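Chain letters run A, B, ... following the sequence lines, proteins first, then strands; residues in each count from 1. Keep in mind it's a predicted model, so treat the numbers as computed, not measured.
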Amino acid sequence: MFADQRNKNNPTPMYQRIYAIVRQIPAGKVATYGQIARIVPGCDARMVGYAMAALRDTNEDEAVPWQRVINSQGKISLTGEGYALQRQLLEQEGILFSEKGVVDFNEFGWLGMD
DNA sequence: CGGCTGACTCTGG
DNA sequence: TCCAGAGCCAGCC
C-alpha cells in the first residue's frame, strides 16, 4: 500500500502524492495541511505547504484544488491577493467564513473533524 | 554535491 | 493574545 511507497524505490514524487490527496477533497470541503500530512507517510504539514507553493509554477493549478487546503486554525495561510483569490474560490463552492475569516471544520471539514 | 527557499504546526513563556 | 524556536524535506539553481 501507500506506506511502503515511502522507500527509496518509490517512483512517485512526494509532491505528486500530495496533489493526489488534495484532488480527492470534494468541492465544498476543506482539509488542513496537517491532515494531509498525516495521510502521506513521511510528510509533514510544512511539506504540504511547500507542495502547494510549488503548484503556482506549474499548470496543474487547474487540476489541483489547492484552495481547499487551509491551516489548522481554519484560516487561509496566504496573504494579500493570494488570500482574496483563495477565499473567493472557496466561497464559490459554498464554504462560509466567519467575520474573522475562519472556516468551521465541523461543517466544512473534509474528514469530518469531530 | 552545496546552498537557498517555502501557502505549517505545536509548545512554552 | 502575541512571539520565538524547533521539527523537517523536496525542488531548483
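- Residue A:Met52 contributes atom CE, which lies 13 Å from atom C1' of C:dA10 at whole-angstrom precision.
- When side chains are defined from C-beta on, A:Val22 does not count as touching A:Trp110, because their heavy atoms never get closer than 4.5 Å.
- Following rounding to the nearest Å, A:Arg46 (CZ) and C:dG11 (C1') show an atom-to-atom distance of 15 Å.
- For A:Arg87 and A:Phe97, the positive end sits near the middle of the six-membered ring, less than 6.0 Å away and at most 45° from its axis.
- In this structure, A:Tyr19 atom OH and C:dA10 atom P are separated by 13 Å, rounded to whole Å.
- At B:dT9, one or more side-chain N or O atoms of A:Ser72 fall inside 4.0 Å of OP1 or OP2 (strictly under the cut-off).
- Closest contact between the side chain of A:Leu78 and the listed nucleotides C:dC9, B:dA7, B:dC8 involves B:dA7.
- Contacts of A:Ala53 with the nucleic acid, taken as non-hydrogen atoms under 4.0 Å apart, include base atoms.
- Rounded to a whole Å, the OH atom of A:Tyr33 is 17 Å from the C1' atom of C:dC8.
- Between A:Asp44 atom CG and B:dC8 atom P the separation is 11 Å, expressed in whole Å.
- Atom-to-atom, CZ of A:Arg38 to P of B:dC8 comes out at 16 Å; the value is rounded to the nearest Å.
- Base pairing of C:dC8: no nucleotide in any strand meets the Watson-Crick or G-U wobble criterion (both distances under 3.5 Å).
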